[in-house]
Amino acid sequence: MAMADQPAGKSFRLSMLLYDTRYRSITIQVIMLTLFVIGVWWLINNMYTNLAIANKAPDFGFLWNPSGYDINQHMIDYSSQSTNARAWLVGLLNTLLVAFLGCILATVLGVFIGVLRLSKNWIISRLMTVYIETFRNVPVLLWILFANSIFIDTLPQPKTFRGENATSHMLWDAFAFTNRGFYIPKPTFGEGYLPVLIVFALSIVAIFIFRKWAYKRQEATGEILPVFWIGVGLFFIPAIVTQLVMGSPIGLEYPALKGFNFKGGFHLRNSLISLWLALSLYTAAFIAEAVRAGIMAINKGQSEAAAALGLRQNRVMSLVVLPQALRVIIPPLISQYLNLTKNSSLAIAVGYMDLTGTLGGITLNQTGRALECILLLMLTYLAISLTISMVMNIYNNSVKLKER
Amino acid sequence: MKPEPYVRREMLAPQPAPLGETGILRWMKANLFSGPVNSVISIAAGLFVLYVLYRLLPWAIQPSWNATSLSQCQDDPNITGACWGVIHDRFNQLMFAFYPHELQWRPLLAFGLMFVAIAPVLFDKVPRFLLAFTAMFPLLAIWLLWGGSAWPELMVLAGFFIGYAVHKALVGPAGELTAIILGVLATLLWWIFGVSPVAEMLQGVVPLDITPVESSKFGGLMLSITIGLAGIAFSFPLGIILALGRQSDMFIIKTLSVGYIEFIRGVPLITLLFVASVLLNYFLPRGTNFDLILRVVIMVTLFAAAYMAEVIRGGLAALPKGQYEAADALGLDYWKAMRLIIMPQALKISIPGIVGTFIGLFKDTTLVSIIGLLDPIGLANSIRGTTDWNGIVWELYLFIALMFWVFTFSMSRYSMYLENKLKTTH
């Protein structure tokens, strides 16, 4: 009242900067900003002084020098003659690979376990509780080391697959699980493979068009088509028919034992598999809890009302409960994806060459450019995290409850 | 005479409920065998559990507790599975690493006193005066763990009294706000310029020292608990401040808080630990070389504080706007409103998240093994490198997992207890 009557600045005293709420927030902000700037300046000044004494001015030129080390798992061409920048890129791709695989497996397992934990079957729900409490409460680093030891210590050596009386055998002559990694068949593309791929791509487009059409038809006539099964048919049948018509251009290359090791097929290293499994199993426990919380957050009246409308059990789930539960599940799911991606930096413990292993590991140690490497490392992870959260937030906004 | 219609004169004795409708049979019918599909699943799951136990128990139950090396286990015909001797042999190391044997009562005492210190925080039936001990505990623990003279810790403590005295003396003549600012300033000045010379002088007059222990001797579960507890204790208040900063109307404060929180949450902890181990010295004046454990604690605290801030912000955002407006309507200023109305409710809502962050922090202490500290996982690697225990895997990892599990599981149970206790709805 009195404040509003007095025009500002009329009788301005210095103490008003502290005691008048109109000015106090400005005072506080100016002080904070000054302190912040002084602090940052102090840190950077120290850094330059220290670097000048050590005769190492910040310089990113080392990125274009040959790295001088090998990376056993690389998705793009790479050799020890490649630049450090390329090693960084290889590491980035490896991080993204394990994060992507991990997110998929963790989501599948997590949803499965979260739903089963709500099962009315006592022994099943108890088993899932045991799973969640075990995986959640033990450090992920321990799980990664544990998984790695399982593969290295319990799987057979490749040489045991050899000879007439081999002690180990391949699964269906196609998969070999050894302590050097997993060998799985690799697709080969022979003459005339292009039409098969084109037909496959077209059938996926067709599935989407068909779903849209079926939905419109249902709106118009009320008739429900078996969308799922027709979709499955569209997914497989045209591509398989073309494959047979063209004389099977796409084949599989099976791994086979040559000498002391397997040749052919894909070689998935134990470091990748153990990291992938450990991260997925660990994160799945958290996702399961999020899924359970999401489903429990839906009012029981919702499913009862849907049942009263005459919907069948699976439609109650897919049309009423899940869309609502999804809104509760998505935000924690995003943060679990982010956690998984960040935890993948523990790859360094099992020797999987991800970002931390290349840029923050060998490159750092060989060039001694700690400042530059760690700065780039942090910025790269920051970029990955921000991208993931941005994409997931767009998705979240699309399923969010639209209020007014 | 009309025959009397049949009327039962006495009550029938109550019959027992049909078999299968009471006790364990009813429970089994309802929870395990409610239909054909459920029955099959139950039986399959039961068989699975039995199979796992059948494979695991014979391996785990072995008379190998007194073995002193792996080869001894392998040579003994009675031992066909786990070699638990490694736990027995290296128990002390897994707990304390290279902390001098005759001084181990000090971390043990600190650990015991820790329960006294956190009891008044955890349970409201414990007498309130113990909170004073809680406030002093961090300094006491530092003194017990690292040893040396007690005077620096006592002088740091004296800083609080100096600040309080300055505030008390000035609050009359200079007003509340000036008194607070000058009090804080006096404390800071005392800590920066007063503590070390005065402590040295007093140490010369009255020596109050116990054997010092270097940080490089720290390790094992003791190190995990030290880092975890310090991180928990410091990240909580820092997280509250950051959360309030993020909710603030002041643009600069808000921007700084958001920038900090999003940056920290965007990078993995391991990169921050790299900063602590190789980079932090670049950013400090030349010649400062403070302890690696302290640097790690700082980084872990800064890391956990960002997550804590987000959890608490969730609680703040979940409060109905009416609560803020009611606090304003009562004429409370910002800090009073926060302390008396907003925070108690917001913190209550965010208990599961807060405890979750604590658990995550405690588990994350294992990452220090990557930068070369000897936490249990780091020790496991070095134990596996010795000739006696070369090649041992499962026993060590299982034991470490169990240690962590006990701590984290009890934390999560405590959070459930707290949620229940604070629940005000029906």
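First the proteins, then the strands, lettered A, B, ... as listed; each starts at 1.
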Legend entry - chain B interface, residue from A:M378, A:M32, A:R136 that has the most non-hydrogen pairs under 4.5 Å: A:M378
Inset, instruction - Say whether A:Y381 and A:T356, considering side chains only, have a donor N or O and an acceptor N or O under 3.5 Å apart. - result: yes
Legend entry - B:W27 ring center near A:W122 ring center (under 6.0 Å): yes
Inset, instruction - Name, in order of residue number, those residues of residues 360-369 of chain B that have a heavy atom at a distance of less than 4.5 Å from a heavy atom in chain A; otherwise write 'none'. - result: B:K363, B:T366, B:L367, B:S369
Pairs under 3.5 angstrom only: tabulate donor-acceptor contacts from the side chains of residues 255-264 of chain B to other protein residues two or more places apart or in another chain.
| unit_1 | atom_1 | unit_2 | atom_2 | d |
| --- | --- | --- | --- | --- |
| B:T255 | OG1 | B:F251 | O | 2.6 |
| B:S257 | OG | B:I253 | O | 2.8 |
| B:Y260 | OH | B:L302 | O | 2.8 |
| B:E262 | OE2 | B:R246 | NH1 | 3.1 |
| B:E262 | OE2 | B:R246 | NH2 | 3.4 |

Inset, instruction - Check each atom of B:V49 against the heavy atoms of chain A and say whether the ones under 4.5 Å are side chain, backbone, both or neither. - result: side chain
Inset, instruction - Against chain B, work out which of A:S344, A:S119, A:S125, A:S385 has the most heavy-atom pairs shorter than 4.5 Å and name it. - result: A:S385
Legend entry - B:L284 versus chain A, the contacting section by heavy-atom distance below 4.5 Å: both
Legend entry - Least distance between heavy atoms, B:M299 atom then B:L272 atom: CG-O, 3.5 Å
Inset, instruction - Could you tell me if the ring centre of B:F283 sits under 6.0 Å from that of A:W42? - result: no
Legend entry - Heavy-atom pair of closest approach, residues A:N137 and B:T408: O-OG1, 2.8 Å
Inset, instruction - Locate the shortest heavy-atom distance separating A:I144 from A:S274; write the atom from each residue and the value. - result: O-CB, 4.4 Å
Inset, instruction - Hey, could you give me each pair passing salt bridge (charged side-chain N to carboxylate O under 4.0 Å, His left out) that has a residue in residues 392-416 of chain B? Not counting sequence neighbours. - result: A:E133-B:R413
Inset, instruction - Measure distances from B:I400 to the heavy atoms of chain A and classify the residue's part below 4.5 Å as side chain, backbone, both or neither. - result: both
Inset, instruction - Over all heavy atoms of both residues, which pair between B:A306 and B:R265 is shortest? Give the atoms and the distance, please. - result: O-CD, 4.0 Å
Legend entry - Part of B:V393 within contact of chain A (heavy atom distance under 4.5 Å): side chain
Inset, instruction - Report the option among A:I124, A:I53, A:L377, A:I28 that has the most heavy-atom pairs separated by less than 4.5 Å from atoms of chain B. - result: A:I53
Legend entry - When A:I388, A:I150, A:V30 are compared by non-hydrogen pairs under 4.5 Å with chain B, the top option: A:I150
Legend entry - Leading residue by heavy atom contact count with chain B [cutoff under 4.5 Å; candidates A:A383, A:A349, A:S25, A:S149]: A:S149
Inset, instruction - State, with a plain yes or no, whether a side-chain heavy atom of A:L355 is found less than 4.5 Å away from one of A:S345. - result: no
Inset, instruction - Would you please say whether a donor-acceptor pair under 3.5 Å links the side chains of A:R117 and A:T129? - result: yes
Inset, instruction - Measure A:I123 against the heavy atoms of chain B and call it side chain, backbone, both or neither at under 4.5 Å. - result: both
Inset, instruction - Side chain from CB out, backbone as N, CA, C, O: work out which of these in A:L145 comes under 4.5 Å of a heavy atom of chain B, or both, or neither. - result: both
Inset, instruction - Can you check whether anything in residues 371-385 of chain B gets within less than 4.5 Å of chain A, heavy-atom wise, and list it by number? - result: B:I377
Legend entry - Contact origin within A:F135 toward chain B - heavy atom pairs under 4.5 Å: neither
Legend entry - Atom group of A:I348 that falls short of 4.5 Å from chain B, counting heavy atoms: side chain
Inset, instruction - Begin with the C-alpha distance, continue with both residues' side-chain angles, and end with the deciding distance and a verdict on side-chain hydrogen bond (donor to acceptor under 3.5 Å, both in side chains) for A:N121 and B:N38. - result: CA-CA 7 Å; A:N121 189 316; B:N38 245 338; 3.0 Å; yes
Inset, instruction - Please flag which part of A:L142 lies under 4.5 Å from any non-hydrogen atom of chain B: side chain, backbone, both or neither. - result: both
Legend entry - Closest non-hydrogen atom pair between A:N94 and A:D354, with its separation: CB-CA, 4.1 Å
Inset, instruction - Please work out whether the ring planes of A:F146 and A:W143 are parallel, tilted or perpendicular, with thresholds of 30° and 60°. - result: perpendicular
Inset, instruction - Please report the closest heavy-atom contact between B:F274 and A:G360, naming both atoms and the distance. - result: CE1-O, 3.9 Å
Legend entry - Contacting moiety of B:N281, where chain A heavy atoms sit under 4.5 Å: backbone
Inset, instruction - Would you mind checking which part of B:Y334 comes under 4.5 Å of any heavy atom in chain A, side chain (CB onward), backbone (N, CA, C, O), both or neither? - result: neither
Legend entry - Non-hydrogen side-chain atoms of A:L376 and A:W88 separated by less than 4.5 Å: yes
Inset, instruction - Indicate yes or no: at least one non-hydrogen side-chain atom of A:Y282 is less than 4.5 angstrom from one of A:V138. - result: no
